[in-house]
Amino acid sequence: MELPFAESYKIKVVESIRRSTREERENWIREAQYNLFQLKSDQIFIDLLTDSGTGAMSDIQWGGIMTGDESYAGASSYYKLKDAITDITGFPYFLPTHQGRAAENVLFSALIKEGDVIPGNSHFDTTKGHIEFRSAVAVDCTIDEAFDTTLSHPFKGNVDLGKLEDVLKKSGDKVPFIILTLTNNSAGGQPVSLENMHQVRKLADIYNKPVLFDSARFAENAYFIKIREPVYQDQSIREIVEEIFSCADMMTMSCKKDAIASMGGFIAMRDPELFRQCSMFNIMFEGYITYGGMSGRDMNAVAQGLYEGIDFDYLETRIKQVEYLGNRLLDFNIPLQQPIGGHAIFIDAKRFFPHIPKEEFPAQTLAIQLYLEAGVRGVEIGTLLADRDPVTRENRFPVLDMMRLAVPRRVYTNNHMDVVAVGLKNVFDRREEIKSGLRITREAPIMRHFTVELEPA
Ligand SMILES: *Cc1c(COP(=O)(O)O)cnc(C)c1O
């Protein structure tokens, strides 16, 4: 008999979590104005809000926490991180920042001006926020296949080269760089193929544009390349990662994702002049260039986490768990983005609740229902997240209105995944009894989803 698959680690430290009653949850969610960000963590049983900063660190990472060098300038922890980044990505220059969006803030301060146009595959919400905050425009050039959740395509994160070239032709002089998000979070944690990265690189060279990789999940992307892109099946994750970054001029990183740390980010690049410009903004916004908002202990944890994050056995354990949850949901006929992505399951709320109008936020409604049913917290990736159009102030209705269930790294067992799956099945079985959604009572002008207040419609 073939031995079954099992995790590539064992558990050394645990944290208690508590179940609650439906009645308790009904009160808590009302007090939270139907915004799951406003709940207290002890009001949640299984928290799939995000895979960001929620991973379980290894014994070696915790060891690094104890040996962090907290010198203001030139700390050994800084050099340890610098060596890890250069070793793994090949970029010679790097600046630490406190997290990924801070990396965007620093880099975009040097590169983006009013009226600029930044094409790429689906921009992450903070990336888009930092672009629009500078009165520039993010243009989504993702392939059309990504917007049909019923279509299976191995690389739904890919850029449509025709769409990208149109933007470069039409507004070429306004394009400071092209951005690729690995994996494409907004499209469902979908990877970009190396073939597509090379094609984007070629086009960028023709139009003389630098390429930025938003690299939060570069290791998960590399895993999918190994598994799904036949020419790379015999290459190691290390080799694939090296080839990925050979296609880019610069990267931003949220270390809260594939570096499996609680906090941290960085920018890395090849151009020494860009490094000098960014250093100035880094000192203003983040901290001196050898810590940039991170403590020495965090830099140690990130340096180690970067290596653990590209370990094949770890990646296989992680992605197979997400797949396990996805397959259970598919067995219950629950509509979700396929193929199953790297860090999360994306439930297609338009197909789950076809009778709830888009103006009543079907995906947010679903996330609330799942919380009430099972104490599981997911998150809306849809109309609330899309914000209003900055010019017309009308709601933007994205093609996909999804509820994301993001799985933290090395945290939950498949028993927890079973609770999530059955909880969602129970909501699905009585979906027709849930007749209406939600309406907004209060919202912020930008990135409203974090603080929006809602009530039943
Ligand atoms: C999380 C994330 C960011 C922002 O990083 P933070 O550490 O949350 O500030 C940027 N891009 C992508 C693709 C991300 O997933």
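Ligands are counted one by one from 1 in listed order, and the atoms in each one are counted from 1 as well.
Between Phe281 and Phe285, the ring planes are parallel. Angles under 30° get that label, and only those over 60° would be called perpendicular.
Lys257 NZ, 2.7 Å is the protein heavy atom nearest to atom 15 (O) of ligand 1.
For ligand 1, the atoms closer than 4.0 angstrom to any heavy atom of Arg217 are 15 (O). Residue-ligand proximity, Thr181 to ligand 1, at heavy-atom distances under 4.0 Å covers atoms 13 (C). Short contacts between ligand 1 and Lys256, defined as distances under 4.0 Å to a heavy atom of the residue, involve ligand atoms 7 (O). Ligand 1 places these atoms under 4.0 Å from at least one heavy atom of Glu104: 10 (C), 11 (N). Taking a cut-off of under 4.0 Å to the non-hydrogen atoms of Asp214, the atoms of ligand 1 that pass are 10 (C), 11 (N), 12 (C), 13 (C).
Between Lys257 and Phe218, the closest side-chain pair of non-hydrogen atoms is not below 4.5 Å.
Contact annotation for Arg101 and ligand 1: heavy atoms of both the backbone and the side chain come within less than 4.0 Å of the ligand.
A cation-pi arrangement, defined by a distance under 6.0 Å to the six-membered ring centre and an angle within 45 degrees of its axis, is present between Lys358 and Phe397. Judged by the 6.0 Å distance and 45° axis criteria, Arg270 is not positioned over the aromatic ring of Tyr93.
For the pair Gly100 and ligand 1, the shortest N or O to N or O distance falls below 3.5 Å. Looking at ligand 1, you won't find any N or O of Thr126 less than 3.5 Å from one of its N or O atoms.
In this structure, the ring of Tyr291 has its center no less than 6.0 angstrom from the ring center of Tyr78.
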Applying ring pair (Phe, Tyr, Trp, His ring centres under 6.0 Å) to Phe245 and Phe91, what does each step give before you reach the verdict? CA-CA 8 Å; Phe245 287 115; Phe91 289 113; 5.8 Å; yes
Decide ring pair (Phe, Tyr, Trp, His ring centres under 6.0 Å) for Phe312 and Tyr223; before the verdict, give the C-alpha distance in whole Å, the side-chain angles of both, and the deciding distance to 0.1 Å. CA-CA 7 Å; Phe312 178 82; Tyr223 174 87; 5.6 Å; yes
